[in-house]
Amino acid sequence: MKNSMIRHQFLYIVLALFCIDVQAKAKKEVGPGSPPNIILIIGDDISAEDIGIYGNKAIRTPNIDKLAKNGLKFDNLFLTASSCSPSRTSILTGRYPHNTGAAELHTPLPQHLTYFPELLKKAGYYSALAGKWHEGENSKRAYDTLLVDKGVNGAGGEKQWLSLLKARPTDKPFFFWLAPYDAHREWSANDEFKNPYKPQDVVVPPSLVDTKETRQDLAYYYNEITRIDDYIGELQAELKRQGIADNTIIIFTADNARAFPGAKTRVLDRGLRTPFVIQWPKGIQGQGESVDALVSSIDIAPTLLEVAGVESPQTVQGVSFSKLFNNPKADFRNYVFGEHNWHDYQGLERSVRSKDFLYLVNERPLLTNEGPIDANQSPSALALKKAKADGNITAYQNEIFLSPRPAEEFFDNRKDPLQARNLIADPVYNKQIAALKRVLLQWKQQTGDSSPKALTPDWYHRENATELPAKGQRGEMPGQSQNADRINHKGPF
């Protein structure tokens, strides 16, 4: 009798432990820890080199730096365009700008394409956007909630972040596309900040002349980057308070480079290389490591879909880089590609970059490359123009004013990280130049890129920014003649 009771007790304990194990596994699979919440923060007009973790010792970005130290910092993530809406639509669809049907600034996405937040929404995510909405009316369907009232979002566009997080439905995972207006011109006044930067605090990049006007311009720009960082800190604190920080992915990145001459709209590294830091305690084992692999911004969509357990549609040209989360030293892409299409002014440039080299073609070489209006009419630009008139400017700074420009450029990224020396005529690099030429041509052909003769013209005077009679006129969109918005080929990888 006693032995029988012992056996029954033993069986009960084993059965109880088995049930607990089954419940634990079920909870792990379908409980609040799975799938992950996702917060994608896209700063406006911010260069990688202007973030602390990327080497800027003058900027205060402790919360962005903390994301990287608790997760991963990507050193070679490149945008497909250094231009606001083409870059954002590319991220939203996982497609190259000429494949979105919206390759130029201020052109909306077509209805027939798929937007990755839309797929998350269909898979049970609560999907919301707060801040800058620049992708067209059709993208509305990707979100349950759109908070785009600038009066409510605040000067920097971050004031609804916490209320959105607190008011979300708690019975489903969430995806937030947080799009602050910071750090887009025009700048907020100094009195809107607790501790504004002083002109003597900043680091003047070699593309700009070191004057009091340039330094003040940069100080205002720094203010807005730090404002984003402050709100990221508040967001992290609220995630912890709600007990969901461990299984929430937070990404900080930007849509294009800073709105200063030589950066925004360029297809060089100083236009296309973007900050990209990601924290996900549950999903990223290594912490504080840097990813050196080449990654394109079209790869963001398939990566987030994969970690959410959602299949990427055929329209996505990017490839998931989730393998880098737990193997940050692995290789990924061989090439990344960039585009410069109309943005205030006519332009048609294409670039292909490998780890070691950059090759670009400019099909409008007679035009200068001073950037869009907000860059070329800035105090920093006016200081550059004065220095040029006075004959007190370096060749690197003068490069934006060249006309004609080189139709082709080639740079050795290892020996020349600033990409200051065009080696297109150097016979030492003939083999490498020919190889990247072939790759770029292959990419154009496979993805349906085109070179229209009747491009959208300049809308403004290049020197004084006055409106031209052609303002409002649109030409032929790159890729339009090839129906590139219906082509899904990924191109060379």
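One-based numbering along the sequence shown.
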Would you name the heavy atoms of Lys323 and Ala330 that are closest together and state the gap between them? CE-CB, 4.4 Å

Could you list the residues that satisfy ring-ring contact (aromatic ring centres under 6.0 Å, His included) with Tyr396, not counting sequence neighbours? none

Apply side-chain contact (heavy atoms from CB on, under 4.5 Å) to Val267 and Arg350, showing your working. CA-CA 7 Å; Val267 294; Arg350 297 293 183 263; over 6 Å; no

Are the charged groups of Arg333 and Asp299 less than 4.0 angstrom apart, N to O? yes

Please evaluate residues Phe411 and Tyr359 with respect to the criterion ring-ring contact (aromatic ring centres under 6.0 Å, His included), reporting the C-alpha separation (whole Å), side-chain torsions for both, the decisive distance (0.1 Å), and the verdict. CA-CA 7 Å; Phe411 301 95; Tyr359 170 75; over 10 Å; no

With the side chain counted from C-beta on, respond yes when Leu165 and Arg168 share a heavy-atom pair under 4.5 Å apart, and no when they do not. yes

Can you tell which of Ser296, Ser87, Pro86 makes a side-chain contact (heavy atoms from CB on, under 4.5 Å) with Leu79? Ser87

Does atom CG (Asn190) have a neighbourhood of more than 12 heavy atoms from anything else shown, all under 6.0 Å? yes

When rounded to the nearest 0.5 angstrom, what is the spacing between CG in Asn398 and OG in Ser207? 13.0 Å

Considering only NZ, NE, NH1 and NH2 on the basic side and carboxylate oxygens on the acidic side, decide whether Lys329 and Asp292 come within less than 4.0 Å. no

Please say whether more than 12 non-hydrogen atoms of neighbouring residues, nucleotides or ligands are located less than 6.0 Å from NZ in Lys159. no

For the residue pair Asn195 and Arg60, what are the closest heavy atoms and their distance? O-NH2, 2.5 Å

Non-hydrogen side-chain atoms of Thr315 and Arg95 separated by less than 4.5 Å: yes

Would you check if the distance from the ring center of Tyr197 to the ring center of Tyr220 is below 6.0 Å? no

Could you tell me if the ring centre of His106 sits under 6.0 Å from that of His343? no

Between Trp443 and His98, is the gap from one ring center to the other below 6.0 Å? yes

The test is side-chain contact (heavy atoms from CB on, under 4.5 Å); show your working for Asp449 and Tyr96 and say whether it passes. CA-CA 10 Å; Asp449 193 15; Tyr96 291 109; over 6 Å; no

Heavy-atom neighbours of Lys66 NZ exceed 12 at 6.0 Å: no

Take Asp230 and Asn63 through the test side chain to side chain donor-acceptor pair (under 3.5 Å) and record every step on the way to the result. CA-CA 7 Å; Asp230 289 342; Asn63 295 301; 4.8 Å; no

For the pair Thr61 and Asp229, evaluate side chain to side chain donor-acceptor pair (under 3.5 Å) and give the outcome as yes or no after the intermediate values. CA-CA 6 Å; Thr61 54; Asp229 189 84; 4.8 Å; no

Of the non-hydrogen atoms in Asp374 and Ser378, which two are nearest, and what is the gap between them? O-CB, 3.5 Å

Ile38 and Leu120: which non-hydrogen atoms are nearest, and at how many Å? CD1-CD1, 4.3 Å

Evaluate the side-chain contact (heavy atoms from CB on, under 4.5 Å) criterion for residues Leu67 and Ile251: first the C-alpha distance (whole Å), next the side-chain angles of each, then the deciding distance (0.1 Å), finally the verdict. CA-CA 8 Å; Leu67 289 178; Ile251 293 170; over 6 Å; no

Would you please name every residue forming a side-chain contact (heavy atoms from CB on, under 4.5 Å) with Lys415, sequence neighbours left out? Asp412, Arg421, Tyr429

List the steps and the verdict of side chain to side chain donor-acceptor pair (under 3.5 Å) for Glu135 and Thr89. CA-CA 6 Å; Glu135 299 82 50; Thr89 55; over 6 Å; no

Thr145 side chain reached by Tyr126 side chain, heavy atoms, under 4.5 Å: yes

Evaluate Gln236 against Gln279 for side-chain contact (heavy atoms from CB on, under 4.5 Å), listing each step before the verdict. CA-CA 10 Å; Gln236 289 178 284; Gln279 176 184 290; 3.7 Å; yes

Do NZ/NE/NH1/NH2 and the carboxylate oxygens of Arg258 and Glu49 come within less than 4.0 Å? yes

Check: Gln287/Asn70 side-chain N/O donor and acceptor closer than 3.5 Å: no

Leu305 and Leu119, any side-chain heavy atoms less than 4.5 Å apart: yes

Look at atom CD of Gln242 and say whether more than 12 heavy atoms of other residues, nucleotides or ligands are closer to it than 6.0 Å. yes

Any donor-acceptor pair under 3.5 Å from Ser354 side chain to Phe357 backbone: yes

Quick check on the 6.0 Å ring-centre criterion: do Phe337 and Phe78 meet it? no

Cation-pi geometry met for Lys121 and Tyr143 (6.0 Å, 45°): no

Residues Lys240, Asp246: salt bridge by 4.0 Å N-O rule: no

Are Tyr125 and Pro35 close enough that some pair of their side-chain heavy atoms sits under 4.5 Å apart? yes

Between Lys437 and Glu408, does any side-chain N to carboxylate O distance fall below 4.0 Å? yes

On a heavy-atom basis, which atom in Gln397 and which in Leu208 lie closest, and how many Å separate them? NE2-O, 3.0 Å

Are Tyr221 and Arg185 close enough that some pair of their side-chain heavy atoms sits under 4.5 Å apart? no

Side-chain donor-acceptor distances from residues 173-184 under 3.5 Å, at least two apart:
| residue | atom | partner | partner atom | Å |
| --- | --- | --- | --- | --- |
| Tyr181 | OH | Asn153 | ND2 | 2.9 |
| Asp182 | OD1 | Arg227 | NH2 | 2.8 |
| Asp182 | OD2 | Arg227 | NE | 2.8 |

Check step by step if side chain to side chain donor-acceptor pair (under 3.5 Å) holds for Glu409 and Asn422. CA-CA 6 Å; Glu409 297 178 63; Asn422 182 10; 4.7 Å; no

How about Asp44 and Asp255: do any of their side-chain heavy atoms sit closer than 4.5 Å? yes

If you measure from the Lys or Arg side-chain nitrogens to the Asp or Glu carboxylate oxygens, is any gap between Lys132 and Glu158 under 4.0 Å? no

Ion pair check, Glu289 and Lys69, cut-off under 4.0 Å: no

Any non-hydrogen side-chain atom of Ile46 less than 4.5 Å from a side-chain atom of Thr253? no

Minimum heavy-atom distance Ser380-Pro261, with the two atoms named: CB-CD, 4.4 Å

Please say whether more than 12 non-hydrogen atoms of neighbouring residues, nucleotides or ligands are located less than 6.0 Å from CD in Gln200. yes

